[in-house]
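Everything below concerns the one structure shown next.
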Number of protein chains: 2
Amino acid sequence: MRETILEIENASHILKLLGDKTRLTIIAILSKRECCVCELLEVFDMSQPSVSQHLRKLKDAGLIKEERRGQWIYYSLNSQSESYDLIQDILQHIPDQTENIRKIEEIKPTLRCDC
Amino acid sequence: MRETILEIENASHILKLLGDKTRLTIIAILSKRECCVCELLEVFDMSQPSVSQHLRKLKDAGLIKEERRGQWIYYSLNSQSESYDLIQDILQHIPDQTENIRKIEEIKPTLRCDC
DNA sequence: TAATTATATAATCATATACTTATATAAAAC
DNA sequence: GTTTTATATAAGTATATGATTATATAATTA
């Protein structure tokens, strides 16, 4: 597959969302691993509401989905999105996120529980 | 090839530039055909300075190049850009621009010379 | 049920963005 | 050399964006 054609307005909207360093990194991380907000907070030097607002924009566009599990809300890439193919193609061109994922897994904020 | 990895800041900057309907359309058109400003003006419902300013941003980022030929300055995609592969991958997901190119070629502003 | 934890939302604000009109520059035509 | 044509640049402006702090909500724990 990997060939879904999007309307130009739709495509530019997706690209604008990915045109922010924080959101692009979030998408890259979520493409490898579902995360809750407090896990993503380990990666970014910004407030919790900022991260939540970025996630909201990505969710509003259908790029990610959320699933509550207890007190945590886990975010993951929405593979059903019509933009999924475009995103996969873009992700091929950015650095892998193993270092950021290491940060998350090293600290395990969902066990520590004081984010 | 088609696998150039860009720094995350660099990639997000390129995506932000393409995250505008006008600029994304310009890039799609230029990927098929070099154009001068007065040709692109046939496609967009906006002022000449607006189109020029979009072209300037794309040029500043190295995505396009310009070549003066007489009174016209022709813009084209810069295949030497390190973002070229990313752009090609993105262009696969947006509609082809034959209708817009038809508009340009039908009116031939460089012959009419009153843009 | 009260306190804690995780997350979302609201309000605010400074900066960025995308347009406009006015003007400058540079080549072509007269 | 003056006028026209093509394009760029400058200045101004309204709106969008991305952050912050403060507060609300919802689940968990004590």
Side-chain angles (χ1 to χ4, degrees), chain A residues 8-9 12-27 30 34-61 64-76 104 107-115, chain B residues 8-9 12-27 30 34-61 64-76 104 107-115:
Chain A
I8 199 88
E9 289 86 356
S12 58
H13 180 226
I14 301 304
L15 294 171
K16 177 175 286 183
L17 285 174
L18 299 183
D20 173 275
K21 184 187 167 183
T22 302
R23 284 191 298 261
L24 184 57
T25 305
I26 288 175
I27 290 289
L30 296 185
E34 61 172 13
C35 287
C36 59
V37 177
C38 67
E39 287 177 326
L40 291 171
L41 270 174
E42 299 294 336
V43 174
F44 302 106
D45 186 25
M46 65 177 49
S47 67
Q48 171 266 314
S50 277
V51 173
S52 283
Q53 280 157 15
H54 283 304
L55 288 167
R56 177 75 138 83
K57 289 185 184 189
L58 295 171
K59 209 196 83 183
D60 284 349
I64 62 176
K65 53 188 178 170
E66 62 177 44
E67 182 194 329
R68 182 178 276 274
R69 254 179 261 152
Q71 55 191 151
W72 297 287
I73 296 174
Y74 282 90
Y75 288 92
S76 57
I104 292 171
I107 300 181
K108 288 199 180 61
T110 55
L111 295 185
R112 214 175 30 131
C113 282
D114 66 334
C115 16
Chain B
I8 199 86
E9 290 85 356
S12 58
H13 180 226
I14 300 304
L15 295 171
K16 176 174 285 182
L17 285 173
L18 300 183
D20 173 275
K21 185 187 167 184
T22 302
R23 284 192 297 261
L24 184 57
T25 305
I26 288 175
I27 289 289
L30 295 186
E34 60 172 13
C35 288
C36 58
V37 176
C38 67
E39 288 176 328
L40 292 172
L41 269 174
E42 299 295 334
V43 174
F44 302 105
D45 187 25
M46 65 177 48
S47 67
Q48 172 265 315
S50 277
V51 173
S52 283
Q53 280 157 14
H54 283 304
L55 288 167
R56 177 74 138 82
K57 289 186 182 187
L58 295 171
K59 210 196 81 183
D60 284 350
I64 62 176
K65 52 188 179 171
E66 63 177 43
E67 181 193 330
R68 182 177 276 275
R69 254 178 261 151
Q71 56 191 153
W72 296 288
I73 296 174
Y74 282 90
Y75 288 91
S76 57
I104 291 171
I107 300 181
K108 288 198 179 59
T110 55
L111 295 183
R112 213 175 31 128
C113 283
D114 67 335
C115 19

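Letters A, B, ... are given to chains in the order of the sequence lines, protein chains preceding strands, and every chain is numbered from 1.
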Fill in the blank from the handout: From CD1 of A:Ile26 across to C1' of D:dA19 the rounded distance in Å is 14 Å
Exercise for the section: Could you tell me which residues satisfy side chain to side chain donor-acceptor pair (under 3.5 Å) with A:Arg68, sequence neighbours excluded, listed by chain and number? Expected result: none
Exercise for the section: Applying side chain to side chain donor-acceptor pair (under 3.5 Å), name anything that partners A:Lys21, two or more places apart in sequence or on another chain. Expected result: B:Glu9
Exercise for the section: Take atom CG of B:Leu55 and atom C1' of D:dA6, then tell me their distance rounded to the nearest Å. Expected result: 13 Å
Problem - Spacing of B:Tyr75 atom OH relative to D:dA6 atom P, expressed in whole Å - result: 15 Å
Practice task
Starting from C1' on D:dA19, measure out to CZ on A:Phe44 and report it in whole angstrom.
Solution key: 14 Å
Exercise for the section: Grab the CH2-C1' distance between B:Trp72 and D:dT5 for me, whole Å please. Expected result: 9 Å
Practice task
Measure from NZ on A:Lys21 to P on C:dA16 and round the result to the nearest Å.
Solution key: 16 Å
Handout entry: Partner set under side chain to side chain donor-acceptor pair (under 3.5 Å) for B:Asp45, not counting sequence neighbours
Key = none
Problem - Rounded interatomic separation in angstrom, taking CG from A:Leu41 and P from D:dA19 - result: 13 Å
Exercise for the section: Among B:Ile64, B:Leu58, B:Thr25, find the one that has a side-chain contact (heavy atoms from CB on, under 4.5 Å) with B:Leu30. Expected result: B:Ile64
Practice task
Any chance you could list the contact pattern along nucleotides 17-30 of chain C? Use B for base contacts, S for sugar-phosphate-only contacts and - for none, protein heavy atoms under 4.0 Å, 5' to 3'.
Solution key: SSBBBB----SS--
Problem - Residues which pass salt bridge (Lys or Arg N to Asp or Glu O under 4.0 Å) with A:Lys57, listed by chain and number, not counting sequence neighbours - result: none
Handout entry: Distance in angstrom units between A:Arg56 CZ and D:dT17 C1', rounded
Key = 16 Å
Problem - Partners passing side chain to side chain donor-acceptor pair (under 3.5 Å) against A:His13 (at least two apart in sequence or in another chain) - result: none
